[in-house]
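Presented below is the structure to which this report refers.
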2 protein chains.
Amino acid sequence: MPHTYQFARPALTVDIVVFAMDFAGRDETDLQVMLIQRDLAPYRGGWALPGGFVRTQETLDDAARRELQEETGLRDIYLEQLYTFGALGRDPRERVVTVAYYALVNLTGHDVRASTDARNAAWFSVSDLPPLAFDHAQVLDTAHQRLRSKVRYQPIGFELLPERFTLRQLQRLYEVILDRELDKRNFRKKVLAMEIVKETGEIEKDVAHRAARLYRFDKRRYDRLMKKGFNFEI
Amino acid sequence: MPHTYQFARPALTVDIVVFAMDFAGRDETDLQVMLIQRDLAPYRGGWALPGGFVRTQETLDDAARRELQEETGLRDIYLEQLYTFGALGRDPRERVVTVAYYALVNLTGHDVRASTDARNAAWFSVSDLPPLAFDHAQVLDTAHQRLRSKVRYQPIGFELLPERFTLRQLQRLYEVILDRELDKRNFRKKVLAMEIVKETGEIEKDVAHRAARLYRFDKRRYDRLMKKGFNFEI
DNA sequence: CCAAAAGTGTTCAAGATACACCCATGT
DNA sequence: ACATGGGTGTATCTTGAACACTTTTGG
């Protein structure tokens with residue numbers, strides 16, 4: 001067999017850290033992660049990141065999207081490669097290298113339970129996680145850090161919001177991710193000055209107080225700004 | 001064979017983009033990359049990034065350091081994982097996924113030619129590269145972008161300088177990486193205000209003009225600043 | 001004494017921060 | 001009428017940008 005690799009090969013997997021923002025408890029907005037309860041050894045019954053083996057005829061991105069769809073029912077979501085983990089003992093069975101991804105979802109509009117195979121999938125707050133299988137705690141932590149730093153110079157936070165959102169929701173999202181309070185007036189001033197959100201003319205419904213205006217992310221404008229060497233900073 | 005992966009596996013390699021700064025031509029400071037001339041098919045005789053297959057009993061970082069040492073003689077240098085490339089046709093022989101790294105070296109103090117196996121290694125200016133094997137042009141470009149953005153918020157640039165350097169060298173380094181001119185007075189003011197470089201008391205030797213003061217990077221101070229949530233920005 | 005690069009301050013504009021009250025709506 | 005969160009402006013401080021001349025050294 002000419003031109004082929006003669007050594008034993010590590011196995012190759014992908015794992016995905018799926019983040020979502022929970023706005024349910026009005027004031028207790030928090031960041032959530034999707035986990036899968038394993039039904040096979042090792043770590044049977046334990047919680048792990050969605051993921052699985054990479055096939056020889058699919059790209060890494062394709063593998064990540066396929067596993068995500070198969071295990072959680074989520075599709076067409078923001079997905080980005082995070083880091084590749086290759087420590088020796090990370091899988092007790094054999095040598096497995098994993099290419100980790102992270103994904104951002106807005107919960108409204110994606111039905112996780114619609115999946116065929118999602119019976120074991122569940123959301124957890126990042127601040128209250130169960131013990132995780134393999135080195136997944138480390139993977140998750142790396143993803144969390146990445147999200148925190150990336151959100152400061154790219155508007156990926158919008159991926160976590162519904163299409164129409166209030167400025168207050170946007171602010172809470174940044175507060176949760178950056179883990180500090182932001183001044184309401186300064187925050188609104190800055191976001192509006194950037195002109196990357198657009199008023200829809202609509203307002204919130206069914207709230208027991210003055211209804212907030214709904215905005216949406218103006219990607220066209222953002223892309224134009226980015227090309228001119230623009231820096232998104234909150 | 002219980003607990004083992006039943007599908008065919010992609011092969012796994014590491015490739016390393018080694019950057020160095022060339023201060024030789026006084027005014028024509030430029031960024032260089034190390035390439036290896038291949039002596040096996042495919043792309044025999046072509047230029048490629050140093051790299052090779054990952055063994056089952058070494059971590060990815062270890063594989064990168066081993067290949068670097070074997071192919072270029074470089075060791076104990078700054079090395080960081082970049083991105084994992086897994087496009088389907090990237091290696092004409094078979095499916096190969098590569099974990100790319102980038103490395104930073106200061107040329108004084110590392111003798112590339114000392115290596116046993118470095119007869120085919122050479123430095124190229126990033127602005128004047130030969131055609132590259134596989135998808136290495138893309139890998140190199142990704143590394144270059146990463147260097148440009150990372151240098152803005154972490155002082156990794158110092159890895160490209162000799163232990164003692166002049167502020168002018170530091171400025172030229174940033175100018176080359178960021179690809180724009182910086183104001184001398186403002187640059188010095190900012191760098192000195194950060195207090196992350198320390199005067200050594202020594203000065204340049206053998207220059208045909210006023211000799212510049214030599215500084216060194218103060219890592220202790222930098223680490224302390226980082227812990228307090230400090231942001232390095234040029 | 002000339003060429004070459006080192007070294008040094010001030011002014012101005014823009015952006016960041018701090019801060020408190022009135023408004024609209026549902027119950 | 002009250003409770004709840006929405007919405008708004010100003011003053012001050014900090015930071016970044018622009019800018020030109022004198023000093024030192026070797027040849």
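A note on names: the letters A, B, ... follow the listed sequences, proteins ahead of strands, and every chain is numbered from 1.
No hydrogens or angles considered: nothing links the side chains of Asp128(B) and Ser125(B) as a donor-acceptor pair under 3.5 Å.
Of the possible donor and acceptor atoms, none in the side chain of Gln32(B) sits under 3.5 Å from a partner among the backbone N and O of Asp22(B).
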Ring pair (Phe, Tyr, Trp, His ring centres under 6.0 Å) between Phe165(B) and Phe158(B), worked out: CA-CA 9 Å; Phe165(B) 52 85; Phe158(B) 292 100; 5.7 Å; yes
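What separates CG of Asp206(B) from P of dA4(C) is a distance of 18 Å, to the nearest Å. Note: CD (Glu199(B)) to C1' (dA6(C)) measures 13 Å, nearest angstrom. In this entry the distance linking CZ of Arg213(B) with P of dT23(D) reads 15 Å, nearest Å. Look at CD on Glu204(B): it is 12 Å from P on dT25(D), rounded to the nearest Å. Atoms CZ (Phe165(B)) and P (dA6(C)) sit 14 Å apart, rounded to a whole Å. What separates CG of Leu182(B) from C1' of dA17(D) is a distance of 12 Å, to the nearest Å. Distance Gln169(A) CD to dG7(D) P: 11 Å, rounded to the nearest Å. Going from atom CG of Leu214(B) over to atom C1' of dG7(C) covers 15 Å, rounded to whole Å.
Crowding of Asp179(A) atom CG: a count of heavy atoms from other residues, nucleotides or ligands under 6.0 Å not exceeding 12. More than 12 non-hydrogen atoms from other residues, nucleotides or ligands lie less than 6.0 angstrom from CD of Glu199(A).
An OP1 or OP2 oxygen of dG7(D) is reached within less than 4.0 angstrom by a side-chain nitrogen or oxygen of Arg188(A). Within the structure, every side-chain polar atom (N or O) of Arg210(B) is placed at least 4.0 Å from both OP1 and OP2 of dT8(C).
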Contact state string [nucleotides 11-20 of chain C, B base, S sugar-phosphate only, - no protein heavy atom under 4.0 Å]: ------BBBB
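Using a 4.0 Å cut-off between charged nitrogen and carboxylate oxygen, Arg65(A) and Asp61(A) do not count as a salt-bridge pair.
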